[in-house]
Amino acid sequence: MKKNWPTHSILILAIVATWVKTYTVYHTSFDMDIENMMQQLILFINPLSFLLFIYGISLFFKSPKARNRYIVIASIVLSAIVYANAVFYRFFTDFITIPVLFQTSNFGDLGSSAAESIFLTDIFYFTDVAIIIIALKWLKIGDKVKLVKPAVRRAYFVMAAAILFLNLGLSEIERPQLLTRSFDREMLVKNIGPYNYHLYDIYIQSKSHAQRALADGSELVEVNNYVRSNQVDANEDMFGVAEDRNLIVVSMESLQSFVINNDMNGYEVTPFLNSLTQDKDTYYFSNFYHQTGLGKTSDSEFILENSLHPLGGGAVFFTHSGNTFHSMAESLGAEGYFTNVLHPNNKSFWNRDIMYRALDIQKYYDEQSFVVNEEDAVNWGMKDIPFVEQSVDLMADMPQPFYSRLITLTNHHPFTLDEEDKLIPEYNSNSNTLNRYFQSVRYMDEALKLFFEDLKEKGLYDNSIIVMYGDHYGISENHNKAMEQYLEKEITPYESTKLQRVPLFVHIPNNGKGKEVTETSGQIDLRPTILHALGVETSKDMQLGADLFSEEHEEFVIFRDGGFVTDKVVYAANACYDNATGLQIEIENCQPYIDRATQELGYSDQIINGDLLRFYDLKTGNLLLDEALNEEK
Ligand code: GP9
Ligand code: MN
């Protein structure tokens, strides 16, 4: 066999062997939804660029022997990584991310059963290693070239980079903003491959780790002063109106306020929600804004649970799941509530499975808790109607009082429905997205109506308070032309801001005092409002929102991009507008608020980036400053 194998045969063999092995593992060890040919293609090419780089490092070694040895070691390490993920997946149907390695509670269940999930056949995960060793030892196809020419190396790495960019380009087409928004581990692995995914994970985690290490808690003094000086008292009549009741929060996917009490070509879009706006037990907030950033639904959850702003870049659910938080779920858990979230999606989407632990949510009913028949799924997964029906069944079996949060899904871009679920016709504009939006909102409205009926049927209704809010916009500015046609007015930055209103309903069965509240308010106010309604004090909480029922509630909503709305002005795209007329006015009118918005967003970022709540004792309201800092005093 002392043939003259072509130069670098072993390098090529290693790349191909590990590439084929990785691709095979995708299909045998992970349960990934591949929806189209493009995704299949991305899946096929995505291990390649990383493998070219990592095995290519061998080209820098001077001796052929070192090169060959490096290739063997690299293949063993890569196989171990893939194998570890495969075993982890058997337990958690998820990919490894650094924070879970430090959450030892995860491995509690692993112990005894670990041995049972490791099989002799797992040896196949190391097939590529075996092939490489055989090739070196017996076929002697190892590298014998003395020194690799720099020009060869350069050409090689240019090719590797080109493949990486091709991969990223295709992924960007398939899933825009994949890396800035993170979304889902499954989606990351599907698009950039397991190896690049781990590098990306290390990058994200070490970035937040570094920021955390620099914080010592002293920053909290200033933040605390700000929070305390903006704190308002609860409304005496509303404090405890729903004491001891179950709390049901519904996140209504992509629901904006412009469809409420409005029609589309003569068809009522939200008949059920419209009836709630007139209902004697419902407080309907018509000037309520979403405050989410890139993390969309997950940002709205974050704001609700923590009464803090989301981050400017990326989803805080992904970047800071290792932080200490004092969530609404934690407060209610301490009051004896069973805290849970129901959402029929992949549990790692938005990193919920990890983040919910940081938020002290006791149970996540993800897609595996639901029976999803083929006819019950559309667009992103389970349809809202079977979702709410099965959710109520699950809720009926929960210990009470419970705090259940339901996240709907059908009214998600691209707003597609099955024929039988289209209760009204499409709209007629140049935007198919907007045309379908009305139909899909109409379907969600139907689901919410059935949800209320089911709650009554199961005897859960009277003893609950139901809070429902739109999570974020559904129609982006890309559809402004079509929106102008529908709203019959020009969409200025002022109007764009006004379109960020999402409906909020606080429904308290048998309350009898419901009304429309026109106060300017935002998602950051949800938590104090809800906790006070349940009779839970928040005067020690580190929160940036305020109780919407309080007489002192300030009308000032800050958006993640620094824009804001008050009862008097709207600040958008660096211009100041009169809130009542929509006309542009002197910037001086906005200036004091511009500074405060920047200050508040800064404080919120400091809390998250510095993981400052680990220095805060929620019970006593004391700042737990660093020893060193105390000595200094
Ligand atoms: C995913 C769902 C939608 O589970 O909550 O997320 P979004 O894309 O709206 O942020
Ligand atoms: Mn959403």
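For ligands, and for the atoms within them, numbers begin at 1 and follow the listed sequence.
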Regarding [X] and [Y], does a basic nitrogen lie under 4.0 Å from an acidic carboxylate oxygen?
X: Arg527; Y: Asp541; value: yes
X: Asp184; Y: Arg175; value: no
X: Arg212; Y: Asp611; value: yes
X: Lys458; Y: Asp393; value: yes

* For ligand 1, the residues whose heavy atoms come within less than 4.0 Å (ordered by chain, then number) -> Glu253, Lys296, Thr297, His343, Asn345, Phe349, Trp350, Arg352, Trp380, Leu409, His412, His472
Over 12 foreign heavy atoms within 6.0 Å of [atom1], [X]:
X: Lys481; atom1: NZ; value: no
X: Tyr473; atom1: OH; value: no
X: His209; atom1: NE2; value: no

* Asked: Checking side-chain hydrogen bond (donor to acceptor under 3.5 Å, both in side chains) for the pair Gln256/His290: CA distance, chi angles, key distance, verdict?
  -> CA-CA 9 Å; Gln256 290 174 245; His290 85 81; over 6 Å; no
* Cut-off under 2.8 Å, centre the Mn ion (ligand 2), protein N/O/S atoms -> Glu253 OE1, Glu253 OE2, Thr297 OG1, Asp471 OD2, His472 NE2
* Taking atom types as modelled, is there a side-chain donor on Tyr486 or Asn262 under 3.5 Å from an acceptor on the other? -> yes
